[in-house]
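Structure first, then comments.
Proteins come first, then strands; the chains are lettered A, B, ... in the order of their sequence lines, and each starts at number 1. Computed from a prediction, not measured in an experiment: that's the story for all the values here.
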Amino acid sequence: MEESTIEKIYNPKDVEKKWYQKWKDQKCFTPRQGDQPAFSLIMPPPNVTGRLHMGHALDNICQDILIRYKRMKGFRTLWIPGVDHAGIATQSVVEKKLYKEQKIKRNDIGRDEFLKHVWQWKEEHMHEIIQQLEQLGVSCDWDYLTFTMDSIPNKAVRKFFVDLYNQGLIYQAEKIINWDTTLQSAISDAEVESKEVKGKFYYIQYQIEGSDDTLTIATTRPETLFGDTAVAVNPKDERFSQYIGSYAILPLTDRKIPIIGDEYVELELGTGCLKVTPGHDFNDFEIGKRHQLPIINILNKDGTFNENAAAIQGLNVQQGRKKTIELLEEKKLLIKVEDRLQMVGHGERSDSIIEPMVSQQWFLNVSDMANKAVKAVENSDMKFFPKGWENTYFSWLREPKDWCISRQLWWGHQIPIYQCQSCQHQWASEQDPSACPNCQASEFTQDPDVLDTWFSSALWPLSTLGWPDQETMKQKDFESFFPTHTLVTGFDIIFFWVARMMMSSLSITNQVPFKHTYIHGIVRDKQGRKMSKSLGNGIDPLETIDQYGCDAVRFTLAAGAGYNRGLNLDPAKIEGYRNFVNKLWNAFRFLSPHLKNTDSNQIENITSLNSEEKWILEELNQVIEQVSHSIEDYRFDDASSALYRFIYDQYCSWFIELSKPILFSDDDKAKGQRLQVLTLVLKDILKLIHPITPFVSEEIYSHLSKNQMLISEKYPEVRAEFNFPDDRFKMNQLIEMVTQIRNLRASLNLKPKDEIKAQFFTDNQEVAQFFYQQKIALKDLAGIVAATISSKASKRPGKSSAVATDQVEAYVQLEGLIDLKKEQERLQKKIDHLLKEQQKFQAKLDNPKFSENAPEEVINEVKEKLNHSTLKINSLKAALNNLD
RNA sequence: GGACCCUUAGCUCAGCUGGUUAGAGCGCUACCUUGACAUGGUAGAGGUCAGAGAUUCGAAUUCUCUAGGGUCCACCA
């Protein structure tokens, strides 16, 4: 034992710092050597720009629980941490900073110079996010720390890209894409969120060429008419089909555009006439393809109108719309305007309205990969927990669209496509080339675009283990650790990330990147609302750790993480678990003065154990079983609550309380034995709970075990020799009896200090003997002095209150204190309640259909219950009769 | 428009393949500074498991419908 004083209130701050440093220094997070099976995880890399939020905390804590558990189970564990370069986010942070501090825009200094600034920024800030991760207590192997733009990931990206290019799966094309006018880049379909926006439906009149007839067109985007190249009607529409083949005069311009027939147009929608803008609408683009319509681009990259929309050139979309309406009104071509709710695409990152635009981009054809990825889940090579999430996964992968992978940014993996300036040959290359492979000319240019950040993320399980560099793969032991075991993440990135890792890994290695995917819920506030800046309801994990301690936060998140979709976080909960951590601390604090030689992990003489000792060991077995199962099933909630109950109720409230008289007695033998049990159970508790609350458990353990750190201990297993069902039964009788007597005392308004005399009656010899041994406990816990135990044949005392379990009756004599009438009522009420129960069971058994159909187990169970309530009823009835 | 999920104590939630006297934490009430812990102890109140119907010997649990809430996907001009 250390001599230092043990504080009354557990103080997490110093403890956390101390142990994290020790674990790191002693390489506890590094996979151990040997031939044990491997277990590996990859950390979803947080953005280098970010600050950790509760979602990160939950995600990482679940992983840490798994890795600590498996490590203690003897696996060769590896958890690989990483940080994401987050193309868009980082580039804009640095852009803003440069402008703010030096009034420099990126175009002023050029690409290379700008990237130097970004790298510098990254060097300065990456450690911040790592430090935040460390505060969560994560036991990942920092030697494996990977940044998504490190040279190995870059090699991985280039190799994957070049292979796909050479297979013809990556291609360049002029297609309609989502254009983010703020970022001035293309983004993928997955990065567009539709949001409901209040808009208007404008009805515009078009003149038909060479006729007095007009067509009315309804649109939400009148300003795009400058890019229109047709009017479409449904050929089946009798109102308009006659016009197909004629031309309409496009208002505000001098152009005439064909009126075409296309099945896509719906009869009931709008006016039944559709303006077709192939350059700025996904559907119109398709219609345009079918009818070989020309494409007119009317927007600049920043979202203002260009010369093709001369009347509104230079205006942004909002202004352009207003101006267009004014012009139409002047010409009396605007028939009417209606309010309308519509879904409009917004950029995930920038939140600005996405403009569909036709542009030259790189695409990846994912059909085959997606197919493989679907099959891998269908045949359970990879399993989702909870299973339901595979639907989300399938829905994305079963209708794959080509992935737009190029981004008009500077920060990211530059596309490894080169073009020769003399022969125009285009090729993809894993290394920076020195000459054109076609004509050997040394003048060539690299495609300026970078790849979607998710393209490198898709390779994360491979690149973090060194792929494709053979040397590094060996050094990182790719062989052992790939495929990884479990991916832990949120459902919001099932298709962004999970699906894409599956696709790339299957395509490269023919193996799944991980065998399980555990999807946890989204952390929300107490009322179930998303945490957001605008609502101001965010809970910062680091502040919370500062306030309550890391273990309390970890336990709270673990207790909330199961198979649910949301985790509503209430600070009151964290406080509650802070108290629980303190409870554990105080259990240790109570024991510590009694502990001398605590390094023993043995019970010297199992046969000499008494019933309560056997009971706690039996209960220990139960909790070991339950916690292990729950963690393996990703039911961290079940694991936490099993531990909570065992520690709080079984260990602290009963076992420690029952141990007090022995520890304060002079019976050295009994004391020694009891301490062995107390210590063994406490040590197992610490081992069991360590994955969830690593700090407090390690701290306490350091007082109990001199040589070994808890993090490297072996996880408890169920011990066959601790199987004591009979003692469990006896102990439960005692617990029930004590509880009932306390209840009786409360109903009689007795003060805690008031002592009572009791007579027990039972025909169960075992229980009788046990109660006899527990005289002191009965005094301490129920305030009973002078108890006697006799058989049920004996005469019951008069003027007494009584309580009963199914085995034991207790009569409490309280001369003068008992109001006979009240007591009668109390007993009658109990009896009535039990009678109802009894009738229910009896009715079941009397029902012939029940006994015919129900399995024997169930029937026996009901019989047993009937028997219990009958026994109790008889006891209480006797007590009632005995009252007067 | 499709798909999925939720509705159990005042609050936040467990309740697995149908058989419990329907549970936990917080909150609440009463009493307690008993030599680990007031970040504590003991006891208690509180639920016709959203509603209706069906299957069954038996439904919080399975099925159908209704009402309310949520999430994701979708190009409805």
| message | Hydrogens and angles aside, do A:Asn234 and A:Asp262 bring a side-chain donor and acceptor to less than 3.5 Å of each other? | response | no

| query | Distance under 6.0 Å and angle within 45° of the ring axis: does A:Arg500 meet both against A:Phe495? | reply | no

| field | Check: A:Asp846/A:Gln842 side-chain N/O donor and acceptor closer than 3.5 Å | value | yes

| query | Is there a Watson-Crick or G-U wobble partner for B:U7 with both distances under 3.5 Å, and if so, which one is it? | reply | B:A67

| said: Under 4.0 Å, heavy atoms only, any strand: does A:Asn743 hit a base, just the sugar-phosphate, or nothing? | reply: sugar-phosphate

| task | With a 3.5 angstrom cut-off on both distances, give the Watson-Crick or G-U wobble partner of B:A60, or none if there isn't one. | result | none

| task | For A:Glu399, report the nucleic acid contact type (base, sugar-phosphate, nothing); a contact means any heavy atom under 4.0 Å. | result | nothing

| said: Here's a test for you: under ring pair (Phe, Tyr, Trp, His ring centres under 6.0 Å), which of A:Trp389, A:Phe384, A:Tyr634 qualifies with A:Tyr518? | reply: A:Tyr634

| field | Distance under 6.0 Å and angle within 45° of ring axis: A:Lys660 vs A:Phe590 | value | yes

| query | Mind checking which nucleotides bracket the chain A contacts on RNA chain B, 5' to 3', with an atom under 4.0 Å from a heavy atom? | reply | B:C4 to B:A77

| said: side chain to side chain donor-acceptor pair (under 3.5 Å), that's the test. Do A:Lys872 and A:Thr870 meet it? Break it down for me. | reply: CA-CA 5 Å; A:Lys872 277 193 198 175; A:Thr870 309; over 6 Å; no

| note | Re B:A36: Watson-Crick or G-U wobble partner, both distances kept under 3.5 Å, found to be none

